[in-house]
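Everything quoted here is computed from the prediction, not taken from an experiment. The sequence lines fix the lettering, A, B, ..., with proteins before strands; numbering per chain opens at 1.
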Amino acid sequence: MQLSEQEIVRRENLQKIKDLGFNPFPAEEFKLDFRSDEITTEQYQSALARSLELIRGVGPEQSVKLMHALFKSRGKTAPLLADEAFLEEVPISETVEFADEAGHNPVSLEDFFAEARESALGEYSKDKKGAVQIAGRFMGQRGPFAKLQDSYGTIQLYIGKNDLGDTEEEKERYKQLVKLLDIGDFIGVRGEVFATGTGEISVHVRELVFLGKSLRPLPIVKRDKEGNVYDAFTDPEQRYRQRYVDLTVNPQVREIFLKRSRLISAMRRFFDNKGWLEVETPILQPIHGGAAARPFRTHHNTLDMPLYLRIANELYLKRLIVGGFEGVYEIGKMFRNEGMDRTHNPEFTSMEIYIAYKDYHWMMEMVEQCLEYVATEVTGNTKVEYEGKVIDYAGPYKRLTMFEAIEEYTGIDISNMDEAALRDVCKQLHIEVDPTMGKGKLIDEIFSEKVEDHLIQPTYIIDYPIEMTPLAKKHRSVDGLVERFELFVNGKEIANAYSELNDPIDQRERFEDQLRLAERGDEEAMALDEDFLRALEYGMPPTSGLGIGIDRLTMLLANQHSIQEVLFFPQMRPKAELHEYPKNKEEVSE
RNA sequence: GAGCCCGUAGCUCAGCCGGCUAGAGCACUUGACUUUUAAUCAAGGGGUCCUGGGUUCGAGUCCCAGCGGGCUCACCA
């Protein structure tokens with residue numbers, strides 16, 4: 001491996017750290033009692049104010065004035081209150097006078113403040129001994145001031161020349177160690193919290209433990225007060241391939257994944273609170289049923305048979321409803337061997353839920369409640385900005401039948417048309433069709449071409465043609481339709497749900513229709529699953545089922561425009577130089 | 001799968017119509033300074049210009065092929 005100059009320097013530093021007698025990769029736990037985001041100006045200020053109260057019996061308002069007086073007397077702007085106008089109203093003389101009045105033991109303002117600070121530290125730190133203990137990456141140093149970045153943010157450290165070590169030799173050792181710190185190294189520190197002359201909350205380091213050496217230089221991203229970013233690490237390829245670097249230097253990326261995590265846990269909490277059961281079903285399936293998509297194929301050696309990575313888990317979850325569970329849901333990966341782009345990754349996360357004795361009307365209300373809850377938990381609001389539009393997840397959502405929607409946006413009523421008439425409509429609307437398309441597919445084409453883009457606010461499209469939906473129950477009142485809805489947000493499908501088909505004879509016929517479509521050349525037509533039919537024959541209660549694309553919902557709630565941004569590790573073509581790949585493809589897959 | 005665009009230092013990017021030893025800022029090294037808040041000063045090191053071929057006296061630059069990526073479209077969720 002060819003090392004760059006900077007990598008060589010870091011390896012030399014590693015050796016020097018060892019030579020100084022420090023372990024660059026120690027095994028011991030480093031106990032944390034604070035996070036960087038817990039050490040805030042506000043907390044420090046209130047600890048100070050409380051201490052002033054305790055020591056001198058002054059009120060909180062006066063103590064704040066005293067703090068400002070102190071800073072003013074040093075010729076600096078008081079950092080601990082945002083309201084600078086307030087400051088102007090408090091002349092130093094007055095507050096000093098006040099201090100004299102309030103100070104039961106007259107002392108200088110400096111001493112007064114120092115006393116309060118000491119007391120505040122005792123109150124501030126968790127062990128009441130005046131220190132906090134934190135750890136993270138060392139992110140650069142200017143003079144005695146260094147930045148420490150942990151999982152929650154960044155905190156400034158003050159590393160004084162002679163603060164580390166007790167004896168002269170120790171002091172020298174630590175001085176050398178501090179010089180050898182590279183950006184990205186992990187260190188743990190212990191010291192007291194204070195505000196610097198310019199007002200930045202900082203930790204005065206009294207103990208330092210080296211925790212882990214960084215041998216590769218991180219990209220240096222700099223931000224100024226106005227939020228301008230310099231030398232940003234932005235190349236999508238590098239960011240996705242080295243997500244660990246992306247997460248280290250781009251805090252806004254971390255935020256996306258925090259939202260993703262909050263989304264999933266909120267949704268899980270919502271379902272669990274209803275008493276529905278989270279389950280896991282096979283990812284390796286002998287028959288890839290439940291959706292229209294091309295699967296990944298693999299092979300089991302012992303069974304000597306092909307297996308498919310699931311394109312859907314629907315048929316398994318319904319078997320569990322047959323088995324007697326009232327509500328089951330699964331959050332998991334699906335795999336589809338199809339195109340990749342900014343809204344498609346070969347593996348994606350789907351939430352599927354099935355509830356017995358319900359229908360799709362009930363499900364629409366449940367989804368409204370669920371999304372309202374999730375959006376609020378993730379973003380703090382039901383109104384969420386996406387691509388400059390404000391999308392409101394508070395229900396109820398607009399409901400349009402498929403035919404109504406098409407009529408609304410094309411002016412054509414297709415509700416009574418046969419296949420030939422639909423073909424004419426497609427021609428009229430300049431929509432390309434081919435002979436393999438059945439009636440359902442033709443309607444779907446018209447819909448996705450002419451309607452989808454208009455559905456910005458959450459909108460239910462309900463009652464789909466039977467041909468495109470082999471697993472849904474026939475409509476209770478309209479011939480040729482099924483009880484199905486899809487939820488569209490910002491022109492994209494987010495959720496899909498049915499009153500589930502529980503008539504095994506009807507289900508068999510629908511599968512057979514699919515087989516005929518397959519013979520016509522429809523590659524995505526569904527396979528017939530005998531075991532699933534057997535399960536239905538034992539009897540399944542009326543059930544409503546729902547699927548939600550978690551990645552797409554995350555995109556909407558985190559205001560991201562590509563699925564790659566909401567996946568830690570989006571699929572990418574491997575780079576040849578980094579890995580050796582097995583030469584014989586057959587050996588791997590078989 | 002198709003079209004358009006991109007690939008230059010660890011990072012961000014200049015590099016014209018082909019022309020001297022390929023540049024800048026940050027990062028790095030050395031020295032000075034114990035100091036602030038993207039950026040202290042001075043000096044220095046660092047390049048398979050994605051890969052391979054071609055045109056040419058001469059290619060980072062032009063042409064061809066490949067690899068990787070981005071955007072748009074098609075299919076899918």
Measure [atom1]/[X] against [atom2]/[N] and give the value in whole Å, please.
X        : N     : atom1 : atom2 : value
A:Met340 : B:A77 : CE    : C1'   : 15 Å
A:Asn250 : B:C11 : CG    : P     : 14 Å
A:Ile8   : B:A9  : CD1   : P     : 17 Å
A:Gln141 : B:A38 : CD    : C1'   : 17 Å
A:Ile220 : B:A38 : CD1   : C1'   : 11 Å
A:Lys222 : B:A38 : NZ    : C1'   : 6 Å
A:Leu181 : B:A27 : CG    : C1'   : 16 Å
A:Leu218 : B:A9  : CG    : C1'   : 17 Å

Task: A:Arg35 NZ/CZ over A:Tyr152 ring centroid, <6.0 Å and within 45° of normal - done: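 Ring-cation test returns yes.
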Open item on the list: Check whether A:Tyr498 forms a cation-pi arrangement with A:Arg484 (NZ or CZ under 6.0 Å from the six-membered ring centre, at most 45° off the ring normal).
Closed with: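 Judged by the rule, A:Arg484 and A:Tyr498 form no cation-pi pair.
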Task: Sequence-distant partners of A:Arg260, salt bridge (charged side-chain N to carboxylate O under 4.0 Å, His left out), two or more places apart - done: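 Partners of A:Arg260 under the salt bridge (charged side-chain N to carboxylate O under 4.0 Å, His left out) test: A:Asp551.
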- [ ] Can you sort out the partners of A:Glu493 under salt bridge (charged side-chain N to carboxylate O under 4.0 Å, His left out), two or more places apart, ordered by chain and number?
- [x]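 Not a single residue meets the salt bridge (charged side-chain N to carboxylate O under 4.0 Å, His left out) criterion with A:Glu493.
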So, OP1 or OP2 of [N]: does either fall under 4.0 Å of a side-chain N or O from [X]?
X        : N     : value
A:Arg241 : B:G69 : yes
A:Arg142 : B:A38 : no
A:Arg573 : B:G69 : yes
A:Gln6   : B:U29 : no

Roughly how far apart, to the nearest Å, are [N] and [M] at atom [atom1]?
N     : M     : atom1 : answer
B:C63 : B:U55 : P     : 15 Å
B:C17 : B:G10 : C1'   : 34 Å
B:U61 : B:A42 : C1'   : 35 Å

Complementary nucleotide of [N], counting Watson-Crick and G-U pairs under 3.5 Å:
N     : value
B:U35 : none
B:G1  : B:C73
B:C28 : B:G44
B:A65 : B:U51
B:A59 : none

Task: B:G68 base / A:Glu237 side chain donor-acceptor hit below 3.5 Å - done: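 Between B:G68 and A:Glu237, which were checked side chain against base, a qualifying N/O pair under 3.5 Å is absent.
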- [ ] Would you mind telling me which residue lines up with the more 5' stretch of RNA chain B, A:Glu486 or A:Gly160, judged by nearest nucleotide?
- [x]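 Between the two, 5'-proximity favours A:Gly160.
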- [ ] Please figure out whether A:Tyr158 or A:Ser562 has its closest RNA chain B nucleotide nearer the 5' end.
- [x]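 Taking each residue's closest nucleotide, the earlier one in sequence belongs to A:Tyr158.
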- [ ] Tell me, please, which residues at least two apart from A:Tyr460 pass side chain to side chain donor-acceptor pair (under 3.5 Å).
- [x]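 So A:Tyr460 forms no side chain to side chain donor-acceptor pair (under 3.5 Å) with any residue.
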TODO: Kindly write out the residues that satisfy side chain to side chain donor-acceptor pair (under 3.5 Å) with A:Asp529, not counting sequence neighbours, or none if the list is empty.
DONE: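 Side chain to side chain donor-acceptor pair (under 3.5 Å) list for A:Asp529, sorted by chain: A:Arg319.
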- [ ] Could you tell me whether A:Asn345 contacts a base, only the sugar-phosphate backbone, or nothing, with contacts defined as non-hydrogen atoms closer than 4.0 Å?
- [x]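 The residue A:Asn345 makes base contact.
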Open item on the list: Can you confirm whether more than 12 heavy atoms, excluding those of A:Asp166, are under 6.0 Å from its CG atom?
Closed with: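 Counting neighbours around CG of A:Asp166, 12 or fewer heavy atoms of other residues, nucleotides or ligands fall under 6.0 Å, so no.
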Please tabulate the protein-to-nucleotide N/O contacts below 3.5 Å involving nucleotides 22-25 of chain B, giving atom names and distances.
from: B:G25; atom 1: N2; to: A:Asp231; atom 2: OD1; distance (Å): 2.8

Open item on the list: A:Ile220: which residues meet the side-chain contact (heavy atoms from CB on, under 4.5 Å) condition with it, sequence neighbours left out?
Closed with: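 Applying side-chain contact (heavy atoms from CB on, under 4.5 Å) to A:Ile220 gives A:Ile183, A:Lys222.
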